[in-house]
Amino acid sequence: MGEPTKILEGRTTVPPRSSGSIDVDGTDQTEREGSRAGQGRVFVSWVRRPRRPRLWFEILLIGVSYWVYSLVRNAVPEQAAAAMRHAHQVWSLETHLGINVEDSINHAMNSVTWLIVGMNYYYATLHFIMTIGVLVWLFRRHPGRYASARLTIFVTTGFALVGFYFFPLAPPRLMTGGDFIDTVAVHHTWGSMASGDLSHVSNQYAAMPSMHIGWSLWCGITIAMLAKPLWAKVLGLLYPVATLVVIISTANHFWLDACGGIVCLAVGFGVSYLVYGRLTYRLPQQVPQGDKPRRERRAKAAA
């Protein structure tokens, strides 16, 4: 005891073992995994990098997408019996919850002719005008956020098609045994493709979820988050509220249809967040200089 430990001479030092296996070509597995992870980060960075949208491409994309949406929506079997059964189930659930006031609102608004006629036209037109208008505004003023916002509305709409297919639902105005008024038919106005002469080209039982609510809420949130004037923010928030009043007053949707539209929008926001890593409204407003089209960069340099 107490003697220093003797080191054996001539013993070869064992090299440290690698944490990863070595392939035939001499590549360490850890290095390969690191390379793949690096490539994955590069790909994610490339996907999330803001790019200036091309006008011709966006017009084509929106046009084709809406055509496909309409084609799929109207190609879903109407299933009248199932749609009526689901309508009565929804109405029964709302009655149980104590929120079944759609018929009272429908009758009250219908008693004011100028108001309900205006709502019919609101239902038929503003749905498209506002959504396209907000997209154009984002394209021009917020190009860095445009792609994320567009993805949100596309996913929202695509998810709604799932509801149309698996849960055909008759709107209140078509529900058998109900006390609802079809305000378009009564006042002979143009306010719904599912009424009158256009009913044969539109799926009358695609009421769940309500895309009037999904799209209007997307517009309202976008305006409220990105617009600078206070009055614009307020109008943006009031838009989905007004739309909710309209779809109930005209008996085109139940309250729960509106809830379905909100769920679809939440899915759209969620997918956009996963793709871009941030909410649309926290992305940079403008596109970095290096990502602008070559022609635009040359023109700016020449100036």
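These numbers come from a predicted model, not from an experiment.
Remark: side-chain polar atoms of D257 are not paired, donor with acceptor, to backbone N or O of S210 under 3.5 angstrom. Using a distance-only test at 3.5 Å, with no hydrogens or angles considered, a donor-acceptor pair links the side chain of H253 to the main chain of A207. Between the side chain of Q286 and the backbone N or O of H142 there is no donor-acceptor pair closer than 3.5 Å. Using a distance-only test at 3.5 Å, with no hydrogens or angles considered, no donor-acceptor pair links the side chain of K233 to the main chain of K228. Between the side chain of E94 and the backbone N or O of W255, at least one donor-acceptor pair lies under 3.5 Å. A distance-only check finds no donor-acceptor pair linking the side chain of S92 to the backbone of H88 [under 3.5 Å]. Counting only distance, with no hydrogens or angles, the side chain of S272 and the backbone of G268 share no donor-acceptor pair below 3.5 Å. Looking only at distances, a side-chain donor or acceptor of H107 sits under 3.5 Å from a matching main-chain atom of D179. The closest donor-acceptor contact from the side chain of S148 to the backbone of R145 lies at 3.5 Å or more, if one exists at all. Not a single donor-acceptor pair under 3.5 Å links the side chain of H86 to the backbone N or O of A170.
In this structure, a donor-acceptor pair under 3.5 Å is present between the side chains of Y281 and T222.
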Handout entry: Verdict with supporting geometry, N110 and T183, side-chain hydrogen bond (donor to acceptor under 3.5 Å, both in side chains)
Key = CA-CA 7 Å; N110 185 68; T183 59; 5.7 Å; no
Exercise for the section: Take W215 and T157, measure what side-chain hydrogen bond (donor to acceptor under 3.5 Å, both in side chains) needs, and give me the verdict at the end. Expected result: CA-CA 8 Å; W215 289 7; T157 305; 2.9 Å; yes
Practice task
Show your reasoning for whether side-chain hydrogen bond (donor to acceptor under 3.5 Å, both in side chains) applies to Y122 and T243.
Solution key: CA-CA 8 Å; Y122 178 113; T243 301; 2.8 Å; yes
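Follow the hydrophobic side-chain contacts under 4.5 Å out from I248 and you reach L93 in the same cluster. L238 and L126 are not part of a single hydrophobic cluster, where members link through side-chain heavy atoms under 4.5 Å apart. Under the 4.5 Å side-chain heavy-atom criterion for ILVMFWY residues, a single connected hydrophobic cluster contains both L226 and I153.
Taking OG1 of T250 as the reference point, atom NE2 of H187 lies at 11.0 Å (rounded to 0.5 Å). One finds the CG atom of L174 at 5.5 Å from the CD atom of Q204 (value rounded to the nearest 0.5 Å). Once rounded to the nearest 0.5 Å, the distance linking CG of L235 with SG of C219 reads 13.0 Å. The structure places OH of Y205 at 10.5 Å from CG of L169, a figure rounded to the nearest 0.5 Å. Atom OG of S249 and atom CE of M119 lie 4.0 Å apart (nearest 0.5 Å).
Between Y239 and W218, the gap from one ring centroid to the other reaches at least 6.0 Å.
With a 4.5 Å cut-off on side-chain heavy atoms, V271 and T152 do not count as touching. The shortest distance between side-chain heavy atoms of L265 and F269 falls below 4.5 Å.
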